[in-house]
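All figures in this text were calculated on a predicted structure; none of them were measured in a lab.
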Amino acid sequence: MDDIEARVVDNRNIVSNYFLLRLKLAKPMGIVRPGQFVMLKVPDKNIFLRRPFSIFDYGRDIVTIMYRVVGKGTEALCKAGKNEKTLVLGPLGNGFTITKRDVCVVITGGIGVAGVHLLIKTLKHDASIFYGCSSKEELAVIKDIMERNPAIATLDGSRGFQGDVVTLFRNQMKTFKGKNIEIFTCGPEGMVKNIRKQIEKWKTPCQVLVEERMACGFGLCFGCVVKTIDEKEPYKRACKEGPVFDLWQLSL
Amino acid sequence: MDDIEARVVDNRNIVSNYFLLRLKLAKPMGIVRPGQFVMLKVPDKNIFLRRPFSIFDYGRDIVTIMYRVVGKGTEALCKAGKNEKTLVLGPLGNGFTITKRDVCVVITGGIGVAGVHLLIKTLKHDASIFYGCSSKEELAVIKDIMERNPAIATLDGSRGFQGDVVTLFRNQMKTFKGKNIEIFTCGPEGMVKNIRKQIEKWKTPCQVLVEERMACGFGLCFGCVVKTIDEKEPYKRACKEGPVFDLWQLSL
Amino acid sequence: MATISLTFFGKRLKNPVMNASGTLGYSNEIESLWGVETLGAYVTKGLSLRPHHGNPTPRVWDERSGMINSIGLQNVGIERFFDEHFPFFQKKRTPVIVNFFGFTEEEYLDCARRIKPDRLIVALEMNLSCPNIKAGGISFGKDPQTVYEIVKKVKGITPIPVLAKLTPEVKNIVDIARAAYEAGIDGLTLINTMPAAIVDIKRKRVPIKGGFSGPALKPIALRAVYECSKAVPVPIIGVGGIMDADDAVSFLMAGASAVQVGSATFVDPYAIPKIIEGIGRYADKNGCRNLHEIIGITHE
Amino acid sequence: MATISLTFFGKRLKNPVMNASGTLGYSNEIESLWGVETLGAYVTKGLSLRPHHGNPTPRVWDERSGMINSIGLQNVGIERFFDEHFPFFQKKRTPVIVNFFGFTEEEYLDCARRIKPDRLIVALEMNLSCPNIKAGGISFGKDPQTVYEIVKKVKGITPIPVLAKLTPEVKNIVDIARAAYEAGIDGLTLINTMPAAIVDIKRKRVPIKGGFSGPALKPIALRAVYECSKAVPVPIIGVGGIMDADDAVSFLMAGASAVQVGSATFVDPYAIPKIIEGIGRYADKNGCRNLHEIIGITHE
Ligand SMILES: Cc1cc2nc3c(=O)[nH]c(=O)nc-3n(C[C@H](O)[C@H](O)[C@H](O)COP(=O)(O)OP(=O)(O)OC[C@H]3O[C@@H](n4cnc5c(N)ncnc54)[C@H](O)[C@@H]3O)c2cc1C
Ligand SMILES: Cc1cc2nc3c(=O)[nH]c(=O)nc-3n(C[C@H](O)[C@H](O)[C@H](O)COP(=O)(O)OP(=O)(O)OC[C@H]3O[C@@H](n4cnc5c(N)ncnc54)[C@H](O)[C@@H]3O)c2cc1C
Ligand SMILES: Cc1cc2nc3c(=O)[nH]c(=O)nc-3n(C[C@H](O)[C@H](O)[C@H](O)COP(=O)(O)O)c2cc1C
Ligand SMILES: Cc1cc2nc3c(=O)[nH]c(=O)nc-3n(C[C@H](O)[C@H](O)[C@H](O)COP(=O)(O)O)c2cc1C
Ligand code: FES
Ligand code: FES
């Protein structure tokens, strides 16, 4: 991990408020594991703190980030032009742990895919992917993983299953029967809670990438905590002990 | 007066810490009188307030400013590169009043010349100019008024009279004997006080351009006051009632 | 189109945006750029019974996220203000809020007594940050008890609605707000500048100590507005670091009925008209027919 | 070359720069970037007698000129700190200042009692901004009388030098500094965060209320340091909005003997080593052989 100067290569609008940002680093980052993130300086004088973003992709000094515009930091970020200078602190946090399983199931939706994209790339072809979004237009976001044949749910039914991604997963759960599966997920809290409800009975292993507001990104401030079932010390730092947690350790 | 968008044409170091900044205005400024000034936005995120600068020259949408680097605002200003965007509020304040006299005497020193430069240009050839600075290198600052044959004083004696500009003026006072003269000056408080001492006896008419820290530049804040002999209301706004004052009204 | 006008102490204001006291001259200084009739109301420079000379310079200093001022309450006095400047507002039919102060309790009372009700005068705004000479220079606004007493007396003297303008340098601003409310205050203006100082490291000195204003003040002011508007049921005017329409909307949502803009005008002399326009645009865009729909909405 | 080392309560510190409490983890978090032995002294996260869970999220929020935090004093407690983290500082021979707090007077006293003198412990730093449960949640640092009492008692219990860390949200910080001094305090840390709030206009709510830190705090902190260092003859540690070496030098000139850096580390994790280097460069460039030549130089 280090704080590295970087320049914007491109900062492209994919669809609606999704952007893909590629940054050229002045020197290589450390070894990147799927699920790790960076703290990115937003090149705008009104933004004080850095913002955490999952490493969407990384290779040859280019780090790629996919982000959705949701507030003042990301609004400012989407205005960053080619060659604009910034700083990238990373790689940070503990990524996903890939253990040998019969099937790795990745469930995600919306911008959540940014957190599992590198994981999907790493998992090769032994993975079952579920992706949910509002309509078929949004599928532009997962263009480069379409070849992995993800099961798709759209809220408006314009493509794939009509409904939310957890219902789609539930409908297909029987196909995993008897198999040794592990779930990997990243997305809104509501989705994670729904997944939990579906697998409560079997306590299926499940790794969750959580997103919390951060100030430092590497354990200094205790700003980014998530509540766990550890009674002695319930609040764990998402940036340091996470951002990937065992679902069954979380107190949702 | 208006607040006008502008871009840096060039921002040139003349000598030591003197700079000449030319700005192209998006639209013409109002009619400019010698001694008026602008409030300039310093294009740097750490500079909150604008800075006042005399209009060194003005013509065809180009306003020129000569400045000396003395603190954080001017330090930031000298980093402004070609085409950088800024804002120019002006023209502001009351300039010099040019009345018919036998001789107009302009006494100035150092960066003070920036305040009287346009006056000198306007006065045509019926003016007697005294300029003081530390050494002959600094004369680069008055290059374009050298043709007006200014009397020069340098502290190190490397050119002209060795000593300060007010002593030089005193030495030549007899040449003005019997003439109806008026003095115009702009410079450090010490210089103005010295001039006053020299002409105290005759109460020679004298207009002084004062420099005070400003926040608004046009009478809103009462930040830029100078003390006058008006007992009822001693503090007058340099930006609104000035920046040019009658020396004999000031309480120095 | 949404209306952003409002009724404030029974008077109709075009919009909820005013200048902050001491940041828009005496009357017509801004006229070459825009007219004071643009304002919801014009707030006067702080006025006292007798004219006051103010502090020597430097009086203003730049700071990364705002500015420091130490004007020292220079003003021509109430009488000259009403003789020389008030007619301008009458001509322009612009509602006025009269900011005033005193160095003794008697001076506050005399001020309040001198200001006669007028169709255009919306309210008096008591600046409680003024040093109380009899109390060794500690400002009037520091103790709930002192605030209670002076507000009670001023309210007993004038029929004009009275706003108390509070300083943030107190133990607990909500206690001060409550004291003013119990004494019968009609509204609050929150907040005045925060005491601060600058060090000039080149010249190794402290060139200025004074009041800090500008963007740095905003979250401090927002908290004061939020807490006080929950605690006392009188209208609040929010002030502190408002630079754009979003900032102004933040104050309304925190519980302010109107806002004042100070230092922003020095950075951009068109800040006030831009903010007024921006609030209108915000309302239109968000289908907000009336500002009451957002005032204090964060309380729920 | 100039020396920027100093003697603080009889201990030698390499330089006058410390982290601010709560902004540099428990011990080794920064080690992959730079070592804690770089610091003049390491200041611990606020510790209490018993472990404390802290507040739910959101705990941090970005603001134009700083940030707001509402961590809620989460910590593992004094015992676990000394068991699990203190040995790290021993190994690294890094001087430590132990920041602590309590929700009752007894908890403060118990904390002070538990911390045993050690070669590496430079001082205890009492965080007086903690809510006093018995006084209805008003913090200990608000009243000169309360401050006097608690400081007096803590001083009676521990042989270790004690610093009082004061909140700026008081009537007059100099009165608080004087009360602490009269009770025997050994030094002051000025200042803690300023209470503030954020409005999220998109979601029409106040997502966080908490302490404001960062550049916006600097002139407020500088004034506290300047006034208090003139009023009381004990060493002062300046903290609030220090982003670079010039800021640190400003605090020294205002009267601080040392400085702490908090939020700057989140913006630039190398801020502290850069500031240390920058102070050295400043001293060299200005022919300042020893920091005593500039500490409090603005007082003259
Ligand atoms: C480990 C990690 C990885 C992340 N990866 C990505 C990513 O790859 N792509 C992406 O678009 N986003 C990602 N996020 C979320 C991203 O950091 C936030 O969306 C961003 O910081 C919002 O900044 P803002 O100023 O635009 O929003 P703000 O105006 O600050 O807030 C807008 C809304 O976003 C929520 N929010 C703000 N910060 C966070 C945060 N850190 N985590 C979750 N919600 C937040 C707020 O609560 C609020 O509702 C990640 C967050 C974490 C912790
Ligand atoms: C009407 C007017 C016209 C001016 N014309 C020119 C000009 O043509 N060229 C030029 O170089 N300067 C001019 N000045 C001065 C110029 O405004 C200041 O030098 C500048 O604002 C300093 O900013 P800073 O941030 O670099 O200095 P700071 O760091 O703010 O201060 C550095 C030093 O400069 C002094 N200073 C700061 N502001 C002013 C000020 N407004 N007036 C006088 N002293 C100040 C301070 O007291 C301090 O000693 C003029 C000032 C006025 C009021
Ligand atoms: C130059 C200046 C003069 C001020 N004069 C007064 C005053 O006379 N009376 C008063 O109550 N407040 C005065 N204030 C405080 C402002 O009205 C306002 O409360 C403060 O500046 C915060 O708002 P801002 O951040 O928008 O500037 C003054 C502020 C400034 C900057
Ligand atoms: C995330 C965070 C946690 C903090 N925790 C503590 C604490 O536990 N005890 C304490 O006395 N101060 C605490 N503070 C206050 C800082 O020590 C410091 O006084 C304040 O942040 C101002 O300095 P800065 O502007 O350099 O950040 C904390 C500040 C932050 C930002
Ligand atoms: S963001 Fe600071 S501890 Fe996680
Ligand atoms: S600078 Fe504001 S009145 Fe002159």
Side-chain angles (χ1 to χ4, degrees), chain A residues 1-5 29-30 38-42 44-52 69-77 86-92 189 210-228 230-241 251, chain D residues 19-20 22-34 45-46 50-77 80 198 200-203 207-208 210 212-216 243 262-271:
Chain A
M1 152 203 181
D2 203 354
D3 195 25
I4 306 171
E5 283 183 22
M29 196 148 58
V38 297
M39 289 296 282
L40 180 68
K41 168 136 209 79
V42 178
D44 180 300
K45 72 180 161 65
N46 288 321
I47 306 298
F48 185 72
L49 293 175
R50 298 186 180 209
R51 297 291 192 273
V69 174
V70 295
K72 66 173 189 167
T74 42
E75 265 159 31
L77 185 58
T86 177
L87 285 161
V88 175
L89 178 69
L92 300 169
E189 194 176 308
V210 302
E211 299 191 348
E212 269 302 333
R213 299 184 77 85
M214 293 184 171
C216 70
F218 59 111
L220 307 182
C221 74
F222 284 76
C224 61
V225 297
V226 289
K227 203 164 184 184
T228 65
D230 179 352
E231 272 172 29
K232 255 182 64 193
E233 212 185 338
Y235 287 123
K236 307 289 183 199
R237 291 168 289 192
C239 67
K240 181 95 182 162
E241 282 83 44
S251 157
Chain D
N19 62 295
T23 65
L24 208 67
Y26 277 120
S27 52
N28 66 359
E29 288 87 345
I30 199 76
E31 294 292 313
S32 47
L33 298 179
W34 50 271
K45 201 165 156 41
R50 277 176 292 270
H52 195 68
H53 297 342
N55 293 337
T57 55
R59 287 181 170 190
V60 289
W61 207 278
D62 184 280
E63 166 62 26
R64 192 153 30 185
S65 47
M67 61 174 284
I68 309 249
N69 89 78
S70 126
I71 308 298
L73 298 165
Q74 169 171 2
N75 80 96
V76 295
R80 272 185 63 194
I198 295 281
D200 181 338
I201 69 172
K202 266 209 188 119
R203 292 162 191 85
I208 192 169
F212 191 23
S213 61
M243 301 300 286
S263 314
T265 299
F266 308 152
V267 175
D268 175 4
Y270 289 105

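- At a 4.5 Å heavy-atom cutoff, the contact between Ile47(A) and chain D is made by backbone and side-chain atoms alike.
- For Thr23(D), the part sitting under 4.5 Å from any heavy atom of chain A is the backbone (N, CA, C, O) and nothing else.
- Your options are Lys232(A), Lys227(A), Lys45(A), Lys41(A), and the one with the most heavy-atom pairs under 4.5 Å with chain D is Lys232(A).
- Contacts between Lys240(A) and chain D at a heavy-atom distance below 4.5 Å involve the side chain alone, from C-beta outward.
- Looking at Leu24(D), both its backbone and its side chain come within 4.5 Å of chain A, counting heavy atoms on both sides.
- Interface remark: of the candidates Val76(D), Ile71(D), Asn69(D), Asn19(D), Ile71(D) forms the most heavy-atom pairs closer than 4.5 Å to chain A.
- The pair Asp62(D)-Arg213(A) does not count as a salt bridge, with every side-chain nitrogen at least 4.0 angstrom from each carboxylate oxygen.
- Looking at Arg80(D), the atoms closer than 4.5 Å to chain A (heavy atoms on both sides) all sit in the side chain, from C-beta outward.
- Heavy atoms closer than 4.5 Å to chain D are found nowhere in Met39(A), neither backbone nor side chain.
- In this structure, the portion of Asn55(D) lying under 4.5 Å from any heavy atom of chain A is its backbone and not its side chain.
- Contact count against chain A (heavy-atom pairs under 4.5 Å) is highest for Gly66(D) among Pro56(D), Gly66(D), Ser65(D).
- Salt-bridge check for Glu63(D) with Lys72(A): failed, with every basic side-chain N at 4.0 Å or more from each acidic carboxylate O.
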